[in-house]
Amino acid sequence: MTRILCVGLATVDLVYAVPAIPGVDEKAQASGMVIAAGGPAANAAIAASALGAEVTLVTAVGSHPLADLVRADLREHRVGLIDVDPRNPEPPPVSSVTVAEGTGDRTIVSRNGGGRAARVPENGLPDADLTLVDGHHPALAVAAA
């Protein structure tokens, strides 16, 4: 089995399905909503796991209650997690994603985790056959490279 290491950002995504992306000062009624782990590295990890790889995600999640949503979703998708900032009480980054049902066009509002201290684990990073780095946590990106 291929071992994949994903290094970078994990977020809480609030994804809304709407008939059309609302314009300025417009409001839309969502026909569906999903709360899930997101972010470039987490999304890649979940996709790779769905394709049968053994995947570990290295990111900063923290101890805030919203971080439990990220952990639970990764666990459900069989993605291992190395949380490099497990005691951080701040909420993880949250993204609001609005997706137009007919076209898949989307609008994303987010606050990335740039201010989080994402230090390399004392034991380093695990070995992998393939490594994906999204660059959101520079110290981790350099260590993975």
Side-chain angles (χ1 to χ4, degrees), residues 1-22 28-145:
M1 178 180 295
T2 303
R3 294 172 303 145
I4 298 177
L5 181 65
C6 295
V7 179
L9 185 65
T11 65
V12 172
D13 281 3
L14 309 173
V15 183
Y16 299 94
V18 295
I21 303 292
Q29 179 68 37
S31 59
M33 184 215 179
V34 174
I35 301 173
N43 287 339
I46 290 169
S49 178
L51 293 170
E54 178 184 317
V55 185
T56 301
L57 172 64
V58 181
T59 188
V61 177
S63 63
H64 188 275
L66 286 175
D68 292 340
L69 294 171
V70 174
R71 280 190 197 82
D73 201 33
L74 293 172
R75 191 169 37 253
E76 181 179 325
H77 289 93
R78 299 176 316 280
V79 172
L81 172 64
I82 297 175
D83 184 354
V84 298
D85 197 15
R87 292 185 180 90
N88 189 330
E90 298 296 316
V94 176
S95 295
S96 179
V97 183
T98 305
V99 181
E101 295 166 326
T103 64
D105 292 343
R106 64 188 180 152
T107 299
I108 302 171
V109 177
S110 65
R111 181 157 188 227
N112 290 336
R116 296 202 106 164
R119 293 180 179 84
V120 179
E122 286 183 24
N123 298 337
L125 300 175
D127 290 332
D129 299 311
L130 178 69
T131 300
L132 174 135
V133 177
D134 70 14
H136 278 276
H137 296 298
L140 292 176
V142 169

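Along the sequence shown, residues carry numbers from 1.
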Rounded at 0.5 Å granularity, tell me how far [atom1] in [X] sits from [atom2] in [Y].
X    : Y   : atom1 : atom2 : answer
L81  : D73 : CG    : CG    : 11.5 Å
I21  : Y16 : CD1   : OH    : 13.0 Å
S110 : L9  : OG    : CG    : 8.0 Å

Treating [X] as the side-chain partner and [Y] as the backbone partner, does any N or O pair qualify as donor plus acceptor under 3.5 Å?
X   : Y   : answer
N88 : S63 : no
D13 : A36 : no
H64 : L66 : yes
T59 : G8  : yes

query = Is there a side chain to side chain contact (heavy atoms under 4.5 Å, CB included) between L57 and V55 once you walk through the steps?
reply = CA-CA 7 Å; L57 172 64; V55 185; 5.6 Å; no
Are [X] and [Y] side-chain neighbours, meaning at least one heavy-atom pair lies under 4.5 Å?
X    : Y   : answer
I4   : T2  : yes
L132 : L5  : no
D83  : R71 : yes
M33  : V15 : no

key: For V133 against A144, the heavy-atom pair lying closest together   = CG2-CB, 3.6 Å
request  = Mind listing the closest non-hydrogen atom pair of A60 and D85 along with its distance?
outcome  = CB-CB, 3.8 Å
Could you tabulate the donor-acceptor pairs under 3.5 Å formed by side-chain atoms of residues 37-49, not counting sequence neighbours?
unit_1	atom_1	unit_2	atom_2	d
N43	ND2	G39	O	3.3
S49	OG	H77	O	2.6
S49	OG	R78	O	3.4

Just list the side-chain donor-acceptor pairs under 3.5 Å for residues 90-104, sequence neighbours left out, or say none.
unit_1	atom_1	unit_2	atom_2	d
E101	OE2	S31	OG	2.0
T103	OG1	D105	N	3.1
T103	OG1	D105	OD2	3.2

key: Verdict with reasoning, V84 to L140, per side chain to side chain contact (heavy atoms under 4.5 Å, CB included)   = CA-CA 9 Å; V84 298; L140 292 176; 4.0 Å; yes
